[in-house]
Amino acid sequence: MSTLYHVLGAKQFDRQLLDRLFDSAKEMEQVAVRGGIQRYPNKIMSTLFFEASTRTRFSFESAMHRLGGRVIGTENASQFSSAIKGETLEDMIRIISGYSDLIVMRHTDIGAAKRAAAVSGVPVINAGDGSGEHPTQALLDLYTIQKEFGGIDGLHIAMIGDLTYGRTVHSLSYLLANYRDVRISFISPDNVQIPSYVKQYLDEKKVAYEETSDLESLAGSADVFYQTRIQKERFPSVEEYSKAEGKYIIDRKLVDTMKRNALILHPLPRAGEIHTEVDDDPRAAYFRQAQNGLYIRMALIEKCFGDQDQ
Ligand code: NCD
(Lines give C-alpha, C1' and ligand atoms only; values in the text may rest on other atoms or scores of the structure.)
Protein backbone atom coordinates (compact mmCIF):
# COMPACT_ATOMS: atom_id res chain seq x y z
CA MET A 1 0.00 0.00 0.00
CA SER A 2 1.25 3.46 -0.85
CA THR A 3 1.58 5.61 2.20
CA LEU A 4 1.82 9.31 2.74
CA TYR A 5 3.55 11.27 5.43
CA HIS A 6 3.05 15.03 5.10
CA VAL A 7 0.30 16.28 2.75
CA LEU A 8 1.59 19.68 1.66
CA GLY A 9 0.62 20.11 -1.98
CA ALA A 10 -1.23 18.41 -4.80
CA LYS A 11 1.89 17.79 -6.89
CA GLN A 12 2.92 14.98 -4.56
CA PHE A 13 0.05 12.79 -5.77
CA ASP A 14 0.54 10.52 -8.76
CA ARG A 15 -2.09 8.45 -10.49
CA GLN A 16 -1.32 5.31 -8.53
CA LEU A 17 -1.58 7.05 -5.19
CA LEU A 18 -4.82 8.76 -6.28
CA ASP A 19 -6.36 5.43 -7.31
CA ARG A 20 -5.43 3.89 -3.97
CA LEU A 21 -6.70 6.85 -2.03
CA PHE A 22 -10.02 6.81 -3.90
CA ASP A 23 -10.41 3.05 -3.33
CA SER A 24 -9.83 3.58 0.34
CA ALA A 25 -12.25 6.56 0.44
CA LYS A 26 -14.89 4.26 -1.03
CA GLU A 27 -14.30 1.76 1.78
CA MET A 28 -14.44 4.61 4.30
CA GLU A 29 -17.95 5.47 3.08
CA GLN A 30 -19.07 2.05 4.32
CA VAL A 31 -17.16 2.47 7.59
CA ALA A 32 -18.78 5.88 8.19
CA VAL A 33 -22.26 4.56 7.39
CA ARG A 34 -21.75 1.89 10.07
CA GLY A 35 -20.80 4.63 12.56
CA GLY A 36 -17.03 4.16 12.41
CA ILE A 37 -14.33 1.81 13.73
CA GLN A 38 -11.88 1.83 16.64
CA ARG A 39 -8.82 1.97 14.39
CA TYR A 40 -6.78 4.62 16.20
CA PRO A 41 -7.91 4.67 19.86
CA ASN A 42 -4.49 5.90 21.02
CA LYS A 43 -3.89 8.55 18.41
CA ILE A 44 -4.49 12.26 18.76
CA MET A 45 -4.98 14.68 15.88
CA SER A 46 -4.38 18.42 16.37
CA THR A 47 -6.34 20.93 14.31
CA LEU A 48 -4.67 24.32 14.17
CA PHE A 49 -6.73 26.83 12.18
CA PHE A 50 -5.55 30.41 11.67
CA GLU A 51 -8.35 31.09 9.15
CA ALA A 52 -12.11 30.52 9.14
CA SER A 53 -13.36 27.05 8.23
CA THR A 54 -16.54 25.00 8.41
CA ARG A 55 -16.25 22.00 6.09
CA THR A 56 -12.52 21.38 6.29
CA ARG A 57 -12.18 21.44 10.06
CA PHE A 58 -15.45 19.68 10.86
CA SER A 59 -14.86 16.94 8.30
CA PHE A 60 -11.28 16.33 9.47
CA GLU A 61 -12.41 16.17 13.09
CA SER A 62 -15.35 13.95 12.23
CA ALA A 63 -13.03 11.72 10.16
CA MET A 64 -10.67 11.22 13.11
CA HIS A 65 -13.59 10.47 15.45
CA ARG A 66 -15.06 7.96 12.97
CA LEU A 67 -11.67 6.20 12.99
CA GLY A 68 -11.78 5.99 16.79
CA GLY A 69 -9.10 8.64 17.37
CA ARG A 70 -9.13 11.77 19.49
CA VAL A 71 -8.93 15.44 18.53
CA ILE A 72 -7.50 18.55 20.18
CA GLY A 73 -7.16 21.98 18.63
CA THR A 74 -8.14 25.57 18.13
CA GLU A 75 -10.38 27.07 15.49
CA ASN A 76 -9.05 30.59 15.99
CA ALA A 77 -5.33 30.07 16.35
CA SER A 78 -4.35 33.66 15.58
CA GLN A 79 -6.11 34.79 18.79
CA PHE A 80 -6.45 31.68 20.95
CA SER A 81 -2.90 30.39 20.62
CA SER A 82 0.42 31.92 21.64
CA ALA A 83 0.69 33.41 18.13
CA ILE A 84 -0.88 36.48 19.69
CA LYS A 85 2.07 36.66 22.10
CA GLY A 86 4.45 36.58 19.18
CA GLU A 87 5.32 32.88 19.16
CA THR A 88 6.66 31.73 15.80
CA LEU A 89 4.89 29.07 13.77
CA GLU A 90 8.00 26.89 14.05
CA ASP A 91 8.04 26.96 17.87
CA MET A 92 4.33 26.29 18.02
CA ILE A 93 4.58 23.27 15.71
CA ARG A 94 7.54 21.81 17.65
CA ILE A 95 5.40 21.92 20.79
CA ILE A 96 2.17 20.62 19.25
CA SER A 97 3.94 17.77 17.51
CA GLY A 98 4.97 16.56 20.96
CA TYR A 99 1.33 16.47 22.06
CA SER A 100 -0.24 14.75 19.06
CA ASP A 101 0.31 12.24 16.25
CA LEU A 102 -0.93 14.34 13.31
CA ILE A 103 -1.33 18.07 12.72
CA VAL A 104 -3.95 19.53 10.37
CA MET A 105 -3.20 23.20 9.81
CA ARG A 106 -4.80 26.11 7.94
CA HIS A 107 -2.72 29.26 7.77
CA THR A 108 -2.82 32.71 6.17
CA ASP A 109 0.62 32.45 4.53
CA ILE A 110 1.66 30.64 1.35
CA GLY A 111 4.23 27.98 2.26
CA ALA A 112 3.25 27.82 5.96
CA ALA A 113 2.52 24.08 5.81
CA LYS A 114 5.98 23.44 4.37
CA ARG A 115 7.56 25.48 7.15
CA ALA A 116 5.56 23.51 9.72
CA ALA A 117 6.56 20.17 8.19
CA ALA A 118 10.23 21.16 8.35
CA VAL A 119 10.14 21.23 12.17
CA SER A 120 7.34 18.78 12.97
CA GLY A 121 7.97 15.34 14.45
CA VAL A 122 4.60 14.11 13.14
CA PRO A 123 2.79 14.34 9.78
CA VAL A 124 1.42 17.76 8.80
CA ILE A 125 -1.62 18.12 6.53
CA ASN A 126 -2.06 21.41 4.69
CA ALA A 127 -5.70 22.46 5.12
CA GLY A 128 -5.09 25.66 3.11
CA ASP A 129 -2.09 28.01 3.07
CA GLY A 130 -3.25 31.51 2.13
CA SER A 131 -3.79 31.77 -1.60
CA GLY A 132 -1.35 28.89 -2.16
CA GLU A 133 -2.86 25.43 -2.12
CA HIS A 134 -5.65 23.37 -0.59
CA PRO A 135 -4.71 19.81 -1.57
CA THR A 136 -7.27 17.91 0.50
CA GLN A 137 -10.12 19.95 -1.01
CA ALA A 138 -8.85 19.17 -4.52
CA LEU A 139 -8.68 15.47 -3.62
CA LEU A 140 -12.31 15.45 -2.59
CA ASP A 141 -13.23 17.46 -5.72
CA LEU A 142 -11.53 14.89 -7.92
CA TYR A 143 -13.02 11.98 -5.96
CA THR A 144 -16.45 13.51 -6.57
CA ILE A 145 -15.80 13.81 -10.32
CA GLN A 146 -14.60 10.21 -10.47
CA LYS A 147 -17.61 8.97 -8.50
CA GLU A 148 -20.15 10.89 -10.57
CA PHE A 149 -18.62 10.21 -14.01
CA GLY A 150 -16.96 6.84 -13.35
CA GLY A 151 -13.60 8.29 -14.51
CA ILE A 152 -11.64 11.47 -15.16
CA ASP A 153 -9.76 10.86 -18.43
CA GLY A 154 -11.14 12.83 -21.36
CA LEU A 155 -13.25 15.29 -19.37
CA HIS A 156 -13.57 19.01 -20.10
CA ILE A 157 -13.43 20.98 -16.86
CA ALA A 158 -14.35 24.67 -16.60
CA MET A 159 -12.93 26.49 -13.57
CA ILE A 160 -14.75 29.70 -12.90
CA GLY A 161 -14.29 32.76 -10.69
CA ASP A 162 -11.35 33.80 -8.54
CA LEU A 163 -8.49 31.81 -10.05
CA THR A 164 -5.74 33.95 -8.49
CA TYR A 165 -6.59 33.79 -4.81
CA GLY A 166 -8.71 30.63 -4.96
CA ARG A 167 -6.27 28.03 -3.68
CA THR A 168 -8.50 25.05 -4.48
CA VAL A 169 -8.23 25.65 -8.25
CA HIS A 170 -4.43 25.63 -8.05
CA SER A 171 -4.42 22.24 -6.34
CA LEU A 172 -7.15 20.82 -8.58
CA SER A 173 -5.25 21.88 -11.72
CA TYR A 174 -2.14 20.05 -10.46
CA LEU A 175 -4.13 16.88 -9.72
CA LEU A 176 -5.82 16.91 -13.14
CA ALA A 177 -2.40 16.74 -14.79
CA ASN A 178 -2.36 13.04 -13.80
CA TYR A 179 -5.15 12.19 -16.25
CA ARG A 180 -5.28 11.62 -20.01
CA ASP A 181 -6.92 13.99 -22.51
CA VAL A 182 -8.25 16.31 -19.87
CA ARG A 183 -9.07 19.83 -21.05
CA ILE A 184 -9.33 22.81 -18.71
CA SER A 185 -11.05 26.14 -19.46
CA PHE A 186 -10.16 28.90 -17.01
CA ILE A 187 -12.90 31.53 -16.88
CA SER A 188 -12.23 34.55 -14.72
CA PRO A 189 -12.50 38.30 -14.39
CA ASP A 190 -9.38 40.04 -15.78
CA ASN A 191 -7.89 40.88 -12.39
CA VAL A 192 -8.04 37.33 -10.95
CA GLN A 193 -6.71 35.10 -13.73
CA ILE A 194 -5.01 31.75 -13.18
CA PRO A 195 -1.39 32.36 -12.06
CA SER A 196 1.41 31.81 -14.57
CA TYR A 197 3.10 29.23 -12.32
CA VAL A 198 0.02 27.01 -12.58
CA LYS A 199 0.00 27.39 -16.39
CA GLN A 200 3.70 26.58 -16.49
CA TYR A 201 3.09 23.32 -14.64
CA LEU A 202 0.25 22.40 -17.02
CA ASP A 203 2.54 23.17 -19.98
CA GLU A 204 5.22 20.88 -18.55
CA LYS A 205 2.67 18.11 -18.09
CA LYS A 206 1.17 18.75 -21.55
CA VAL A 207 -2.33 19.44 -20.27
CA ALA A 208 -4.60 21.27 -22.74
CA TYR A 209 -6.03 24.48 -21.30
CA GLU A 210 -7.42 27.82 -22.44
CA GLU A 211 -8.22 31.10 -20.75
CA THR A 212 -11.45 32.85 -21.61
CA SER A 213 -13.92 35.32 -20.20
CA ASP A 214 -16.95 33.81 -21.93
CA LEU A 215 -18.84 31.33 -19.76
CA GLU A 216 -22.02 31.22 -21.91
CA SER A 217 -20.22 29.88 -24.96
CA LEU A 218 -18.80 26.96 -22.94
CA ALA A 219 -21.99 26.13 -21.10
CA GLY A 220 -23.16 23.55 -23.63
CA SER A 221 -19.87 21.71 -23.99
CA ALA A 222 -18.03 21.42 -20.63
CA ASP A 223 -18.54 18.34 -18.44
CA VAL A 224 -17.68 19.93 -15.10
CA PHE A 225 -18.34 23.51 -13.93
CA TYR A 226 -16.11 24.22 -10.94
CA GLN A 227 -17.45 27.50 -9.60
CA THR A 228 -15.51 29.43 -6.92
CA ARG A 229 -16.08 32.33 -4.54
CA ILE A 230 -14.37 35.66 -5.16
CA GLN A 231 -11.97 35.68 -2.18
CA LYS A 232 -12.91 39.10 -0.82
CA GLU A 233 -10.58 38.84 2.19
CA ARG A 234 -7.49 38.47 0.01
CA PHE A 235 -7.88 41.52 -2.27
CA PRO A 236 -5.54 44.48 -1.79
CA SER A 237 -8.48 46.93 -1.99
CA VAL A 238 -12.29 47.08 -2.09
CA GLU A 239 -12.04 48.61 -5.61
CA GLU A 240 -10.16 45.58 -6.92
CA TYR A 241 -12.69 43.24 -5.30
CA SER A 242 -15.64 45.06 -6.85
CA LYS A 243 -14.08 44.69 -10.31
CA ALA A 244 -14.17 40.90 -9.90
CA GLU A 245 -17.37 40.44 -7.93
CA GLY A 246 -20.66 39.28 -9.49
CA LYS A 247 -19.25 38.62 -13.00
CA TYR A 248 -19.97 34.90 -13.30
CA ILE A 249 -23.18 33.54 -11.83
CA ILE A 250 -24.58 30.05 -12.28
CA ASP A 251 -28.36 30.42 -12.43
CA ARG A 252 -31.29 28.42 -13.78
CA LYS A 253 -30.98 29.98 -17.22
CA LEU A 254 -27.34 28.95 -17.59
CA VAL A 255 -27.93 25.45 -16.19
CA ASP A 256 -30.69 24.94 -18.77
CA THR A 257 -28.03 25.24 -21.50
CA MET A 258 -25.65 22.69 -19.89
CA LYS A 259 -25.32 19.05 -20.95
CA ARG A 260 -27.76 16.68 -19.25
CA ASN A 261 -24.98 14.87 -17.42
CA ALA A 262 -22.87 17.95 -16.59
CA LEU A 263 -21.67 18.41 -13.02
CA ILE A 264 -21.73 21.65 -11.04
CA LEU A 265 -19.16 21.75 -8.23
CA HIS A 266 -18.13 24.40 -5.70
CA PRO A 267 -15.74 24.01 -2.74
CA LEU A 268 -18.16 26.22 -0.75
CA PRO A 269 -18.92 28.53 0.96
CA ARG A 270 -20.82 30.28 -1.83
CA ALA A 271 -21.50 33.99 -1.74
CA GLY A 272 -24.19 34.33 -4.43
CA GLU A 273 -22.25 32.85 -7.38
CA ILE A 274 -24.55 29.81 -7.59
CA HIS A 275 -28.23 30.65 -7.20
CA THR A 276 -30.14 28.46 -4.73
CA GLU A 277 -32.76 27.82 -7.45
CA VAL A 278 -30.18 25.44 -8.98
CA ASP A 279 -29.79 23.33 -5.81
CA ASP A 280 -32.52 20.80 -6.69
CA ASP A 281 -31.08 20.10 -10.14
CA PRO A 282 -29.40 16.65 -10.19
CA ARG A 283 -26.36 18.28 -11.84
CA ALA A 284 -25.78 20.43 -8.74
CA ALA A 285 -23.31 18.20 -6.88
CA TYR A 286 -21.77 20.61 -4.33
CA PHE A 287 -23.49 19.17 -1.27
CA ARG A 288 -22.60 15.61 -2.30
CA GLN A 289 -19.05 16.95 -2.89
CA ALA A 290 -18.84 18.33 0.68
CA GLN A 291 -20.04 14.99 2.06
CA ASN A 292 -17.25 13.23 0.16
CA GLY A 293 -14.79 15.37 2.14
CA LEU A 294 -15.40 13.15 5.17
CA TYR A 295 -14.49 9.94 3.31
CA ILE A 296 -11.41 11.39 1.61
CA ARG A 297 -10.14 12.76 4.91
CA MET A 298 -10.67 9.42 6.66
CA ALA A 299 -8.63 7.82 3.86
CA LEU A 300 -5.94 10.51 4.15
CA ILE A 301 -5.59 10.08 7.91
CA GLU A 302 -5.17 6.35 7.40
CA LYS A 303 -2.50 6.90 4.72
CA CYS A 304 -0.61 9.38 6.92
CA PHE A 305 -0.44 6.83 9.72
CA GLY A 306 0.84 4.22 7.28
CA ASP A 307 0.91 0.77 8.83
CA GLN A 308 0.86 1.99 12.42
CA ASP A 309 -2.26 0.58 13.99
CA GLN A 310 -2.68 1.99 17.43
C1 NCD B 1 -12.35 26.97 0.35
C2 NCD B 1 -11.07 27.48 1.01
O3 NCD B 1 -11.03 27.62 2.24
O4 NCD B 1 -10.12 27.68 0.27
N5 NCD B 1 -13.26 26.44 1.25
C6 NCD B 1 -13.15 25.14 1.65
O7 NCD B 1 -12.18 24.74 2.24
N8 NCD B 1 -14.15 24.31 1.31
C9 NCD B 1 -12.95 27.93 -0.61
C10 NCD B 1 -13.31 29.32 -0.14
O11 NCD B 1 -13.07 29.73 0.98
O12 NCD B 1 -13.89 30.04 -0.98
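We count ligands from 1, going down the list as the structure has it; atoms in each ligand are counted the same way. Computed over heavy atoms, backbone and side chain alike; hydrogens, waters and symmetry mates excluded.
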For [atom], what is the closest protein heavy atom, and at what distance to 0.1 Å?
{"atom": "atom 11 (O) of ligand 1", "answer": "Arg229 NH2, 3.0 Å"}
{"atom": "atom 1 (C) of ligand 1", "answer": "Leu268 O, 3.8 Å"}
{"atom": "atom 7 (O) of ligand 1", "answer": "His134 NE2, 2.8 Å"}

Any side-chain to backbone donor/acceptor pair from [X] onto [Y]? Under 3.5 Å, distance only.
{"X": "His107", "Y": "Asp109", "answer": "yes"}
{"X": "Asp153", "Y": "Arg180", "answer": "yes"}
{"X": "Thr228", "Y": "Ile160", "answer": "yes"}

Handout entry: Sub-4.0 Å atoms of ligand 1 with respect to non-hydrogen atoms of Pro267
Key = 8 (N)

Handout entry: Numbered atoms of ligand 1 (with element) below 4.0 Å of Gln137, judged on heavy atoms
Key = 6 (C), 7 (O), 8 (N)

Problem - Test log, rule salt bridge (Lys or Arg N to Asp or Glu O under 4.0 Å), inputs Asp281 and Arg283 - result: CA-CA 5 Å; Asp281 192 292; Arg283 291 166 285 192; 2.9 Å; yes

Exercise for the section: Return yes or no for this condition: an N or O of Arg106 is under 3.5 Å from an N or O of ligand 1. Expected result: yes

Practice task
Would you check the N or O atoms of Pro269, main chain and side chain alike, for any that come under 3.5 Å of an N or O of ligand 1?
Solution key: no

Completion exercise
Of Arg167, Glu233, Gln231, the residue with the heavy atom nearest atom 2 (C) of ligand 1 is Arg167

Practice task
Answer with yes or no after comparing the ring centroid distance for Tyr295 and Tyr143 against a 6.0 Å cut-off, counting only values under it.
Solution key: no

Practice task
Let me see the working for Tyr179 and Val207 under side chain to side chain contact (heavy atoms under 4.5 Å, CB included), right down to the final yes or no.
Solution key: CA-CA 9 Å; Tyr179 295 86; Val207 179; over 6 Å; no

